[in-house]
Amino acid sequence: MSEQKYQQIYQVIQLIPEGSVAFYGQVADLAGLPKHARLVSKALKVAPSELNLPWHRVVSSQGKIAIAKNTPLYHEQKQRLLVEGVAFKGERISPAHYWQPDLFALLTQLTH
DNA sequence: TTCGTGACGCAGT
DNA sequence: AACTGCGCCACGA
């Protein structure tokens, strides 16, 4: 079932460190689902709140919040990132915050 | 089954 | 830097 794919996606998102952001496509790749960036956005939309996923740490490959501006959700995401110390240069997130995971360590944490 | 839809990505202007 | 068009692909109506 597609539930399995979502679980893998959620697992990766849980590993994004506070103060860092990952791209949709990056999350998809790490979850073993290349070319499924859009599935990641869908997975987040239907994610059970009880999982307490750091959903705000997932942004577009342009380093920008993917949600439409002037929506409550957009502001919530930006707020959460600012609280974590993520710096913005206008709409863009400073590249210094882009997550660069250690792939070896990652393998020991994922349960595919 | 076909068709439209994205909280996407990327190359080309 | 900002826009645009297209490719991609799982989902659901």
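Every chain is numbered from 1 and lettered A, B, ... according to where its sequence line falls, protein lines coming before strand lines.
A heavy-atom distance below 4.5 Å is not found between the side chains of Q26(A) and S61(A). Side-chain contact between K89(A) and S94(A) is present, with heavy atoms from C-beta onward closer than 4.5 Å. The closest side-chain heavy-atom distance from S60(A) to I65(A) is not below 4.5 Å. Between V21(A) and I16(A) the shortest side-chain heavy-atom distance does not fall below 4.5 Å. Residues W99(A) and F23(A) form no side-chain contact, since every pair of their non-hydrogen atoms from C-beta on lies 4.5 Å or further apart. Inter-residue side-chain proximity for K64(A) and I93(A) is flagged as unmet; no heavy-atom pair is nearer than 4.5 Å. Between V40(A) and V12(A) there is no side-chain heavy-atom pair separated by less than 4.5 Å. Within the 4.5 Å cutoff, side-chain heavy atoms of L81(A) are placed close to those of F88(A).
Rounded to whole angstrom, the span from the NZ atom of K45(A) across to the C1' atom of dA10(C) amounts to 12 Å. The nearest whole Å value for the distance from the NZ atom in K5(A) to the C1' atom in dC11(C) is 10 Å. Q26(A) has its CD atom 14 Å from the C1' atom of dC8(B), to the nearest Å. Remark: C1' of dC8(B) and CD1 of I67(A) are 13 Å apart, rounded to the nearest angstrom. Protein atom CD1 of I9(A) is 13 Å distant from nucleotide atom C1' of dC11(C), rounded to whole Å. Remark: P of dC8(C) and CZ of F23(A) are 22 Å apart, rounded to the nearest angstrom. Between the OH atom of Y6(A) and the C1' atom of dG12(C) there is a distance of 10 Å, given to the nearest Å. As a whole-Å value, the separation of L33(A) CG from dC8(B) P is 17 Å.
Sorted by first then second residue, the side chain to side chain donor-acceptor pair (under 3.5 Å) pairs that include residues 71-84 of chain A, not counting sequence neighbours, are H56(A)-E84(A), R57(A)-E84(A), Y74(A)-E91(A), E76(A)-R80(A).
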task: Show the numbers, then the answer: is there a side chain to side chain contact (heavy atoms under 4.5 Å, CB included) between L30(A) and L110(A)?
output: CA-CA 9 Å; L30(A) 294 174; L110(A) 294 177; 5.5 Å; no
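Checking the phosphate oxygens (OP1, OP2) of dC10(B), a side-chain nitrogen or oxygen of S61(A) falls inside 4.0 Å.
Shown for residues 71-84 of chain A: residues whose heavy atoms fall under 4.0 angstrom of DNA chain B, namely L73(A). For DNA chain B, the neighbouring residues in residues 49-56 of chain A, judged by any heavy atom under 4.0 Å, are W55(A). Residues from residues 34-43 of chain A that place a heavy atom under 4.0 Å from any atom of DNA chain C, listed by number: K35(A), H36(A), R38(A), L39(A), K42(A).
When the side-chain contact (heavy atoms from CB on, under 4.5 Å) test is applied to A43(A), the partners found at least two apart in sequence or on another chain are Y6(A), I9(A), Y10(A).
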Enumerate the protein-to-nucleotides 1-6 of chain C contacts in which both atoms are nitrogen or oxygen and the separation is below 3.5 Å.
none

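Side-chain N/O atoms of Q8(A) and Q4(A) include a donor and acceptor closer than 3.5 Å.
Distance check, rounded to the nearest 0.5 Å: CZ of R38(A) to CG of L33(A) gives 15.5 Å. With rounding to the nearest 0.5 angstrom, the CG atom of L44(A) is 10.0 Å from the CG atom of L73(A).
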